[in-house]
Amino acid sequence: MNSNDTARPSSGLSRRDFLAASAGAAFVAATGGFSGTARAASPFVLPPLPFAENALDPVISARTIGFHYGKHHKAYVDKLNKLAAGTEYADMPLEKIITTTAGLTDKAGIFNNAAQIWNHTFYWQGLQPQGGGEPPPALKQKIEASFGTMEACRKELANAAMTQFGSGWAWLVLDGPALKVVKTGNADMPLTKGMKPLLTIDVWEHAYYLDYQNRRADYVDALLNKLVNWNFVAQNLG
Ligand code: MN
């Protein structure tokens, strides 16, 4: 586990949430999940990484994770806490902030920071050391029903990641009954379009530049083949 103080239970996660997060069921515990209910949100906390900072090396270096998680992801949390303090958003679950502020020009700061917290937490959960390979059978069947083959699914994800102009994200989503690949710019994400995220690839330059410089394709290819946590994707499918 990481040693970042902001990830400790005392900063907002209950001990139970923290243990659940440590066990790998982090997503719902750390963000309130998709239901948008219950948990007091404020202050927003930086959820723990589900692996050590050097665990994805050499595909993604400890240096990249150090900046990406410890600086970028943390900055979104700090910024949202500043922007939300004393407003109706202070105690709102992240998902609700995202869906209620999407598209509102005067709430762009709140939306961008809330969505970026959510997107990054989701991104980390979708990765693991020695990942990639084959998904669990039920998920594989669903992927083959929607894309034909696993390889076609990976290809479509890579293509979305490569053709996202500038900063953004490539996603595997559930849209109605079917699996789909979509891409979003900057902080935007599929919950605002009524789609359920299953996996995401961060294609902001900060995600890969220290390791791959301008070679986004190499980063995406390595991530898809060596890091994807297909069990997490299967859990999201429900
Ligand atoms: Mn990022």
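Keep in mind the model is a prediction, meaning the values are calculated, not measured.
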Point-to-point distance, once rounded to the nearest 0.5 Å, from CG of Leu94 to OG1 of Thr99 | 10.0 Å
So do the side chains of Thr121 and His73 get within less than 4.5 Å of each other, counting heavy atoms only?
-> yes
Taking all non-hydrogen atoms of both residues, which atom of Tyr123 and which atom of Ala207 are closest, and how far apart?
-> OH-CB, 4.3 Å
Determine the interplanar angle of the Phe51 and Trp124 rings, folded into 0 to 90°, and report it as parallel if under 30°, tilted if 30 to 60°, perpendicular if over 60°.
-> perpendicular
Between Lys196 (side chain) and Asn236 (backbone), is there a donor-acceptor pair under 3.5 Å?
-> yes
Are the side chains of Leu104 and Ile110 in touch, meaning some heavy atoms are under 4.5 Å apart?
-> no
More than 12 non-hydrogen atoms from neighbouring residues, nucleotides or ligands closer than 6.0 Å to CD on Gln141, yes or no?
-> no
Looking just at side-chain N and O atoms, do Trp169 and Gln116 make a donor-acceptor pair shorter than 3.5 Å?
-> yes
Taken to the nearest 0.5 Å, the spacing of Thr87 OG1 from Ile97 CD1 works out to 7.5 Å
Flag, side chain of Asp221 to backbone of Ala217, donor-acceptor distance under 3.5 Å = no
His68 side chain reached by Asp202 side chain, heavy atoms, under 4.5 Å | yes
Does a sphere of radius 6.0 Å around CZ in Arg215 hold more than 12 heavy atoms from other residues, nucleotides or ligands, not counting ones at 6.0 Å or beyond?
-> yes
Taking all atoms of both residues into account, what is the closest heavy-atom pair of Leu56 and Gln128, and its distance?
-> CD2-C, 3.7 Å
Taking side chain as C-beta onward, heavy atoms only, is Val233 less than 4.5 Å from Pro135?
-> no
Decide side-chain contact (heavy atoms from CB on, under 4.5 Å) for Ile60 and Ile65; before the verdict, give the C-alpha distance in whole Å, the side-chain angles of both, and the deciding distance to 0.1 Å.
-> CA-CA 7 Å; Ile60 300 177; Ile65 305 259; 3.8 Å; yes
Lys155, NZ atom: more than 12 neighbouring heavy atoms under 6.0 Å | no
Quickly, which of Thr184, Asn186, Thr192 forms a side chain to side chain donor-acceptor pair (under 3.5 Å) with Asp188? Name it, please.
-> Thr192
Please assess Arg154 against Asn225 for the test side-chain contact (heavy atoms from CB on, under 4.5 Å), listing each intermediate value before the final yes or no.
-> CA-CA 8 Å; Arg154 270 190 278 261; Asn225 288 298; 3.8 Å; yes
Where does the angle between the aromatic ring planes of Phe122 and Trp118 fall among parallel (under 30°), tilted (30 to 60°) and perpendicular (over 60°)?
-> parallel
Look up atom OG1 in Thr100 and atom NZ in Lys107, then write down how far apart they are to the nearest 0.5 Å.
-> 9.5 Å
Is the backbone of Met195 close enough, under 3.5 Å, to the side chain of Asp175 for a donor and an acceptor to pair up by distance?
-> no
Answer yes or no: is there a side-chain heavy-atom contact under 4.5 Å between Ile98 and Phe111?
-> yes
Common cluster, Phe67/Leu223, ILVMFWY with side-chain heavy-atom separation under 4.5 Å | no
Test side-chain contact (heavy atoms from CB on, under 4.5 Å) on Tyr89 and Leu83 and set out the steps.
-> CA-CA 9 Å; Tyr89 303 108; Leu83 292 172; over 6 Å; no
For the side chain of Asn81 and the backbone of Val77, is there at least one donor-acceptor N/O pair under 3.5 Å apart?
-> yes
Asn119 (side chain) donor-acceptor with Ala187 (main chain) under 3.5 angstrom | yes
Can Tyr219 and Thr64 be said to form a side-chain contact (heavy atoms from CB on, under 4.5 Å), step by step?
-> CA-CA 12 Å; Tyr219 153 72; Thr64 289; over 6 Å; no
Ring center gap for His120 and Trp204 short of 6.0 angstrom = no
Rounded to the nearest 0.5 Å, what separation is found between the NZ atom of Lys142 and the CZ atom of Phe147?
-> 11.0 Å
Joint hydrophobic cluster, Met162 plus Ile201, side-chain heavy atoms closer than 4.5 Å = no
Would you say Arg216 and Gln164 make side-chain contact, with heavy atoms under 4.5 Å?
-> yes
Note, Asn229 side chain near Leu127 side chain (heavy atom, < 4.5 Å) | no
Which pair of non-hydrogen atoms, one from Tyr69 and one from Glu53, has the smallest distance, and what is that distance?
-> CD2-OE2, 4.2 Å
For Val45 and Pro47, work out which heavy atoms get closest and say how close.
-> O-CD, 3.2 Å
Determine the minimum heavy-atom distance between Ala115 and Met189, stating which atoms define it.
-> CB-CG, 4.2 Å
Rounded to the nearest 0.5 Å, how far apart are NZ of Lys140 and CD of Glu134?
-> 4.0 Å
hydrophobic_cluster_shared for Leu210 and Tyr208, side chain cutoff 4.5 Å | no
How far apart are the closest heavy atoms of Val173 and Leu198, and which atoms are they?
-> C-CD1, 3.8 Å
Say you draw a straight line from OG1 of Thr200 to CH2 of Trp171; how long is it, rounded to the nearest 0.5 Å?
-> 4.0 Å
